[in-house]
Amino acid sequence: MNQDYIQPNNWSIIEEGFDAERVKSSESLFSIGNGAMGQRANFEEKYTGETFQGSYIAGIYYPDKTKVGWWKNGYPKYFAKVLNAPNWIGIDIEINGEQFDLNSCTEVRNFRRELNMKHGVYTRSFEATLQNGTEIAVNVNRFLSLDLDEVGVINYEITPLNKDAKIVYKPYIDAGVTNEDANWEEKFWEPLDVNHNNNEAFVTARTFKTHFIATTFMQNSILLNDENLNLSPSNVESDKEKVQFTYEVAVAKGETSSIQKLAGYTVSLNHENTQAGAENAIKAALAKGYNQLLEDQITAWAKIWEMSDITIDGDVKAQQGIRFNIFQLNQTYLGKDSRLNIGPKGFTGEKYGGSTYWDTEAYCIPFYMATKDQQVARNLLTYRYNQLDKAIENAKDNLGFTNGAALYPMVTMNGEECHNEWEITHEEIHRNGAIAFAIFNYHRYTGDYSYIPEKGLEVLIGIARFWHQRASFSTNKNQYMILGVTGPNEYENNVNNNFYTNYIAKWCIDYTHEQIQKVSLEYPQDHKRIIEKVKLSDAELQEWLKVSGNMYFPFSEEHDVYLQQDGFLDKDLVQVKDLDKSQRPINQKWSWDRVLRSPYIKQADTLQGFYFFEDHFTKEQLEKHFNFYEPFTVHESSLSPCVHSIQAAKLDKMDMAYTFYLRTSRLDLDDYNKEVEEGCHITSMAGTWMSIVEGFGGMRVKNDTLHFEPKIPKEWNGYSFKINFRNQILKVSVNQNDTQFSLEGDKEINVIVNGKEVLVEPNSLVTV
């Protein structure tokens, strides 16, 4: 834990007291989104202190050309930047002739931020004394509409406390923005058109290279004591990328004036004419009005929480943590658009670039399968199917592979590889396996096999072809090896025979072969269509099976464990507990050379294989591997604590499981990795959900049946969650004495609880 200023609360993220040192961290933590757009919690008014300005539009990106001193064949051509979008929240404010700026106020009192996760509303309130002696009270509400997802709403109230005040509101929209991570402060938006009419303004801009067009719009109303003054701007300033209105209002001491600003984006992904779309968005928002928009927001979030909430009784910080994670996941992706995906920072920052990592398949799909309609998870799988041709191009053009072998990108926006580090881009190839595993996992959980003959089998064949060609035959060992890779542990690059990579490669080939046989028997027309399309022969299949049937896995007889990779035992095996705490985190304190030569593991690597393929190993094997590898794990990846929490719970190491749960659920709230100001770790938040449902709840799907091994940390009185399993809603409630199951559906189901079969009937409560 590196920060501890967020107030414990079951339903809200709360900061009390103004501290300029916390501004950037809070901008991340209080971020808001609605699946189509999002923004950091920047102040609406001018702020001259340190800040990280950021607004983002789903699916909009820029391919920044990779620059290296020595170009190698196959080097990634560009790094895709998540673009800082035009700013629509801005409202410059003057009070009695002085520009209002919290950084220059003589005093700020009763400062409070609250992100109400139940309602999806961000609020900020405080009292301030300006240098001219005017004292004011400010209250701001902001939200991004879930129903009108192109529209955001701001209600900014000012009350003079000690004297009458002339308040000047100067709302603006501005396309003259740069990215925090921009090289040489270059801009990525080309302004096309600026216009305004009465209280409405529009700035249309186009991204360089990718040519996405976005119209940023605003509409403003000025109120006094909640009565609309129907003011028109007294002045309008505009240039080629910005429009700013001026409104003046005289406010007596104790009265409250406010500006209500409707604003947002319409984009060429969804509109032929983005300005016409913006005009329609304003009309729709005005027809509802502020109060109705707010009521609709509360209703929409209530519907989301009805299905996705996890309750924890007796541990407020644990409860706050899981709800924060679930809230951010739903802000980032709601499954409405199969062209979109789940970026590692969501709408909270720019680090990592790209909208899609293997995180989606490995961590996020289980959350969306269980808390949404199964179509949402299917959309995520379809996203990869739609990019199969790009994955084949990637393997062919960058690595020289042939015959339709597919390497899915490490990071992507549109199917092209857009990660610019060789040791990650072309060595961390295990992500191919996660995509195949997600297809398996989807069928296992939903029972919907139709995706495989329709789309999934083509993806599996491309992936299997890649593994077949990527493996090398060792005449020395008379086995197949996979050389020169980076496993999930990115603290070791260019290793040979990473256990997890080799294991998932073998599994992918075998699983693909099984599905080819199944489709040939049960979907002969699809089988014929696919085999003819990909030109797959029996002889090629037999070559695949030679590789999967004779794959090499490094193993230590001394420790009775699979080795993370060849040579792991040659490291200086000093455990993390014996590492000086001043050296942590090592990725911020050590040279990369020293990190690579160390035994320290960034996240679950060998244990990632034991997580995916738990049924392939005994509980005793899991325990041996957990006890061997966890002591060397520094957990400096956001993806690390959740897997370890699940496995610790499986092994009845409940104190460890609880500690890891707190770390994953409060990773950002408590800034464990000293980097939250760069944005939140969105994709790992799905792992937090898994740490309760799969960890403490012990939920697994085996032979089309739900299995549970419920456990509960001693710190909790109880917890509950819901899952949508094959279109029936099952609620699981666990306390220190028993577990209760209730079912929303129209037919009974059998579940296995601690090895015993339990019948759960609709609208009844079963206690075990």
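Atoms considered below: every heavy atom in the structure, side chains included; atoms not considered: hydrogens, waters and symmetry mates.
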Open item on the list: Any non-hydrogen side-chain atom of T633 less than 4.5 Å from a side-chain atom of L607?
Closed with: no
Open item on the list: Using the side-chain hydrogen bond (donor to acceptor under 3.5 Å, both in side chains) definition, which of the options H644, Q647, E694 pairs with Y611?
Closed with: E694
Open item on the list: Could you check whether any side-chain heavy atom of Q319 comes within less than 4.5 Å of a side-chain heavy atom of V316, counting everything from C-beta outward?
Closed with: no
Open item on the list: Would the distance check show the side chain of Q331 and the main-chain N or O of S31 forming a donor-acceptor pair, the cut-off being under 3.5 Å?
Closed with: yes
Open item on the list: Looking only at side-chain N and O atoms, does N476 offer a donor or acceptor that is under 3.5 Å from a partner on S474?
Closed with: no
Task: Polar contact flag, side-chain donor to acceptor under 3.5 angstrom, T486-E427 - done: yes
Task: Close side-chain approach of Y629 to L563, heavy-atom, < 4.5 Å - done: yes
- [ ] Find out whether Q608 and L639 are in side-chain contact, i.e. whether some heavy atom of one side chain is under 4.5 Å from a heavy atom of the other.
- [x] no
Task: Heavy-atom pair of closest approach, residues I504 and G433 - done: CD1-C, 3.5 Å
Open item on the list: Applying side chain to side chain contact (heavy atoms under 4.5 Å, CB included) to T512 and I463, what does each step give before you reach the verdict?
Closed with: CA-CA 9 Å; T512 302; I463 289 172; 5.9 Å; no
Open item on the list: Apply side chain to side chain contact (heavy atoms under 4.5 Å, CB included) to residues F327 and I13 and explain how you reach the verdict.
Closed with: CA-CA 11 Å; F327 179 72; I13 306 304; over 6 Å; no
Open item on the list: Ignoring hydrogens and geometry beyond distance, is a side-chain donor-acceptor pair present between H616 and Y503 at under 3.5 Å?
Closed with: yes
Open item on the list: Looking at every non-hydrogen atom in both residues, tell me the closest pair between A604 and V643 and how far apart they are.
Closed with: CB-CG1, 3.8 Å
Open item on the list: Would you compute the distance between atom CD1 of I342 and atom SG of C364 and round it to the nearest 0.5 angstrom?
Closed with: 4.0 Å
TODO: List the steps and the verdict of salt bridge (charged side-chain N to carboxylate O under 4.0 Å, His left out) for D655 and K714.
DONE: CA-CA 8 Å; D655 287 344; K714 64 179 184 297; 2.6 Å; yes
Open item on the list: Testing the 3.5 Å rule here: is there a donor-acceptor pair between the side chains of D566 and N496?
Closed with: no
Task: Minimal non-hydrogen separation, S25 against V676, with atom names - done: OG-CG1, 3.5 Å
TODO: Indicate yes or no for a side-chain donor-acceptor contact from Q588 to the backbone of N673 under 3.5 Å, with no hydrogens or angles considered.
DONE: yes
Open item on the list: Donor-acceptor pair, distance only, cut-off 3.5 Å: does the side chain of K602 make one with the backbone of E636?
Closed with: no
Open item on the list: Closer than 3.5 angstrom, by distance alone: can the side chain of K81 be matched with the main-chain N or O of E350 as a donor-acceptor pair?
Closed with: no
Open item on the list: Can you tell me how far apart NZ (K653) and OG (S645) are? Round to the nearest 0.5 Å.
Closed with: 13.5 Å
- [ ] Could you grab the distance from atom SG of C418 to atom OH of Y61, nearest 0.5 Å is fine?
- [x] 8.0 Å
Task: Residue from F612, W467, F440 passing ring pair (Phe, Tyr, Trp, His ring centres under 6.0 Å) with W507 - done: F440
Task: Within-4.5 Å side-chain heavy-atom neighbours: M685 and F324 - done: yes
TODO: Please confirm whether Y600 and Y491 have ring centers closer than 6.0 angstrom.
DONE: no
Task: Atom pair CD1/OG of I310 and S691 - distance to nearest 0.5 Å - done: 7.5 Å
- [ ] Output yes when a side-chain donor or acceptor of Q565 lies under 3.5 Å from a complementary backbone atom of V495, and no otherwise.
- [x] no
TODO: Using atom types as modelled and distance alone, determine if a side-chain donor or acceptor of Y408 lies under 3.5 Å from a backbone N or O of R384.
DONE: yes
- [ ] State, yes or no, whether a side-chain contact exists between F632 and Q564 at a heavy-atom distance under 4.5 Å.
- [x] no
Open item on the list: Just to verify, which of Y661, Y658, Y719 counts as forming a side-chain hydrogen bond (donor to acceptor under 3.5 Å, both in side chains) with D315?
Closed with: Y658
Task: Ring centroid separation F613 to F437 under 6.0 Å - done: yes
Open item on the list: Rounded to the nearest 0.5 Å, what separates atom CG in D605 from atom OH in Y500?
Closed with: 9.0 Å
Open item on the list: Filter on side-chain hydrogen bond (donor to acceptor under 3.5 Å, both in side chains), then keep only pairs touching residues 554-563, sequence neighbours left out; what's left?
Closed with: D560-K624
Task: Qualifying residue, where the test is ring pair (Phe, Tyr, Trp, His ring centres under 6.0 Å) with F696 and the options are F660, W716, W689 - done: W716
Open item on the list: Quick check on side chain to side chain contact (heavy atoms under 4.5 Å, CB included): which of R465, R470, R431 does L407 satisfy it with?
Closed with: R431
Task: Residue among R40, K345, E677 satisfying side-chain hydrogen bond (donor to acceptor under 3.5 Å, both in side chains) with S28 - done: R40
Task: Distance-only polar pair, side chains of E709 and H707, donor-acceptor under 3.5 Å - done: no
Open item on the list: Under a 4.0 Å threshold between the charged nitrogen and the carboxylate oxygen, would D572 count as salt-bridged to R597?
Closed with: no
Task: D671 with R22: basic N within carboxylate O range, under 4.0 Å - done: no
Open item on the list: I'd like to know if the side chain of N497 reaches the main chain of I482, judged simply by a donor and an acceptor atom lying under 3.5 Å from each other, with no hydrogens or angles considered.
Closed with: yes
Task: Whether N550 side chain and N478 backbone form a donor-acceptor pair below 3.5 Å - done: yes
Task: Smallest separation among heavy atoms of P641 and H635, with atom names - done: N-ND1, 4.3 Å
- [ ] State, with a plain yes or no, whether a side-chain heavy atom of L329 is found less than 4.5 Å away from one of Y368.
- [x] yes
Open item on the list: Could you check whether any side-chain N or O of S684 sits under 3.5 Å from a backbone N or O of G687, counting only pairs where one atom can act as donor and the other as acceptor?
Closed with: no
Task: Distance (rounded to the nearest 0.5 Å) between D668 CG and H681 NE2 - done: 5.5 Å
Open item on the list: I'd like to know whether V732 forms a side chain to side chain contact (heavy atoms under 4.5 Å, CB included) with V734, so could you lay out the CA-CA distance, the side-chain angles of the two residues, the decisive distance to 0.1 Å, and finally the verdict.
Closed with: CA-CA 7 Å; V732 182; V734 183; 4.1 Å; yes
Task: Considering all heavy atoms, the nearest V574-P599 contact - done: O-CG, 4.0 Å
Open item on the list: Taking atom NZ as the centre, does K571 end up with more than 12 heavy-atom neighbours from other residues, nucleotides or ligands that are less than 6.0 angstrom away?
Closed with: yes
- [ ] Determine, step by step, whether F610 and K650 satisfy the side chain to side chain contact (heavy atoms under 4.5 Å, CB included) criterion, reporting the C-alpha distance in whole Å, the side-chain angles of both residues, the deciding distance to 0.1 Å, and the verdict.
- [x] CA-CA 12 Å; F610 276 72; K650 174 75 175 178; over 6 Å; no
Task: Check: W592 and V595 side chains under 4.5 Å, non-hydrogen atoms - done: yes
Task: Neighbour count >12 (heavy atoms, 6.0 Å) for atom CD, E16 - done: yes
- [ ] Check whether any side-chain N or O of R594 sits under 3.5 Å from a backbone N or O of I586 as a donor-acceptor pair, and report yes or no.
- [x] no
Task: Polar side chain donor-acceptor pair, T356 to T412, under 3.5 angstrom - done: no
Open item on the list: Quick one about H426 and E417 (side-chain donor to acceptor, distance below 3.5 Å, no hydrogens or angles considered), yes or no?
Closed with: no
Open item on the list: For a quick test of reading the model, state the closest non-hydrogen atom pair linking M413 to V82 and the distance between them.
Closed with: CE-CG2, 3.7 Å
